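Down below is the structure, laid out as C-alpha cells.
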Amino acid sequence: MLETITSLDQSLFFFFNKSHSPFWDIVMALFTRTEYWILLFLPIIFYIIKNYRTKSLVILLLLALVILVSDQFSGLIKDLVQRLRPTHDPNIQHLVHSVLTKGGKYSFFSSHATNTFAVATFTSMIFRNRKYGVLIFLWALTASYTRIYLGLHYPLDILTGIIAGIFIGFTFYKVLYFTESHFMLFRSPKLSETTLNHKQSRFILVIFTVVVLTTFIVINRLQHFEWI
C-alpha cells in the first residue's frame, strides 16, 4: 500500500515538475520566497492593528507563534520521517527539473505549505471576509505549488503540509477566541463583531494584483531584450 502511494506521488510530481519554461522558472523562483510577498503582508498587518486596536498585540503575537510552530513542527517531522527530497534522491534526481538549490535533505512535509496555510487560515478566520479568504488561500496554494515546480517537494508533502497548516491556524484562532472570552482587557472589539470591510479587502486585492502583474511584465520585457 505504501509503495503504491509513493509511486503515485512520484508520478504526480513528475507530471507537474516537467511543465516548465524559462519565464515560469523565474516567476516560481520569486513566488516561493517569503520576502517577495512583503507588500501583501504589510496591509494585512496594518488592518489587524487598525481594526483590533489593543487586541492587535495579541493577534500579532499569536500570528508569529502560528508561523513558528508551523515551521518547527514540519521540520521535526522531516527529521523523523527522513524522506529524501526529489533533488536528493539518487534514483530520480537526474530527472528532476530543479531551478534553485537542492534545498534541505528531507521533504516530508512541506514547511512552505504548512506556514502559508496556517497564516491563511488564522487571518481569514480573524477578518471573516469572503474575498480576502479566497485571495489569501489562493496565495497559499500558489506558494505551495512553487515547491513542486522547483523540484523541492512531492505533492503528498504539500497536501500533508496544507492539512497541518489549516489545523495549526484553526487551533491558534481558538486560542485567541479563548483569550477574548476569559480576559476582559481583550474583549473589545469582539472578534465576532469585527471584519475586514469591502474597501480594505479590495485594497489588499489591488496590491496583490499589481505585484503579480508587474512581475509578469518586467520578467517578460527583460527576457524579450535577453537581459535574463
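Because the structure is predicted, anything quoted here is derived from the model rather than measured. We use all heavy atoms of the structure for the numbers below, so side chains are in, but hydrogens, waters and symmetry mates are not.
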Task: 4.5 Å side-chain heavy-atom contact, Asn17 and Tyr149 - done: no
Open item on the list: Taking the cut-offs as 6.0 angstrom to the six-membered ring centre and 45 degrees off its axis, would you call Lys50 and Tyr47 a cation-pi pair?
Closed with: no
Open item on the list: So for atom CZ, which belongs to Phe14, do other residues, nucleotides or ligands contribute more than 12 heavy atoms lying within a distance under 6.0 Å?
Closed with: yes
Open item on the list: Does the plane of the ring in His20 sit parallel, tilted or perpendicular to the ring in His97? Use 30° and 60° as the thresholds.
Closed with: parallel
Task: Cationic N near anionic O, under 4.0 Å, Arg83 to Asp9 - done: yes
Open item on the list: Closer than 3.5 angstrom, by distance alone: can the side chain of Gln72 be matched with the main-chain N or O of Val69 as a donor-acceptor pair?
Closed with: no
TODO: Indicate yes or no: at least one non-hydrogen side-chain atom of Arg85 is less than 4.5 angstrom from one of His153.
DONE: yes
Task: Heavy-atom neighbours of Phe208 CZ exceed 12 at 6.0 Å - done: yes
Open item on the list: Test side chain to side chain donor-acceptor pair (under 3.5 Å) on Gln200 and Asn129; report intermediate values, then the result.
Closed with: CA-CA 10 Å; Gln200 292 169 344; Asn129 180 284; over 6 Å; no
TODO: Please work out which of the three classes, parallel, tilted or perpendicular, describes the rings of Trp139 and Phe41, given edges at 30° and 60°.
DONE: perpendicular
Open item on the list: Are the side chains of Phe73 and Phe109 in contact, using a 4.5 Å heavy-atom criterion?
Closed with: yes
Task: Main-chain N/O of Thr121 paired to Ser124 side chain as donor or acceptor, under 3.5 Å - done: yes
- [ ] Please answer whether the main-chain N or O of Met28 pairs with a side-chain N or O of Thr32 as donor and acceptor at a distance below 3.5 Å.
- [x] no
Open item on the list: Angle between ring planes, Phe216 versus Phe23, binned at 30° and 60°: parallel, tilted or perpendicular?
Closed with: tilted
TODO: Working to the nearest 0.5 Å, report the span between CD1 of Ile48 and CG of Leu196.
DONE: 9.5 Å
Open item on the list: Taking side-chain contact (heavy atoms from CB on, under 4.5 Å) as the criterion, tell me which of Val210, Ile26, Leu30 meets it with Thr215.
Closed with: Leu30
- [ ] Keeping the roles fixed (side chain from Ser201, backbone from His198), state whether a donor-acceptor pair exists under 3.5 Å.
- [x] yes
Open item on the list: Using modelled atom types and a 3.5 Å cut-off, is there a donor and acceptor pairing between side-chain atoms of Thr195 and backbone atoms of Asn197?
Closed with: no
Task: Test item: Thr160 side-chain N/O and Asp157 main-chain N/O as donor-acceptor pair under 3.5 Å - done: no
- [ ] Assess whether atom CZ of Phe15 is packed by more than 12 heavy atoms of other residues, nucleotides or ligands within 6.0 Å.
- [x] no
Task: Check: Ser98 and Leu150 side chains under 4.5 Å, non-hydrogen atoms - done: no
Task: Short side-chain donor-acceptor distance under 3.5 Å, Thr114 and Ser74 - done: no
Open item on the list: Under the rule for salt bridge (Lys or Arg N to Asp or Glu O under 4.0 Å), what residues qualify as partners of Arg128, not counting sequence neighbours?
Closed with: none
Open item on the list: The test is side chain to side chain donor-acceptor pair (under 3.5 Å); show your working for Lys78 and Ser111 and say whether it passes.
Closed with: CA-CA 9 Å; Lys78 281 189 179 78; Ser111 296; 2.8 Å; yes
- [ ] Check for a donor-acceptor pair, side chain of Ser56 on one end and backbone N or O of Tyr52 on the other, with a separation under 3.5 Å.
- [x] no
Open item on the list: I want to know whether Phe122 and Phe172 have ring centres closer than 6.0 Å.
Closed with: no
Task: Neighbour count above 12 (heavy atom, 6.0 Å) for Phe137 CZ - done: yes
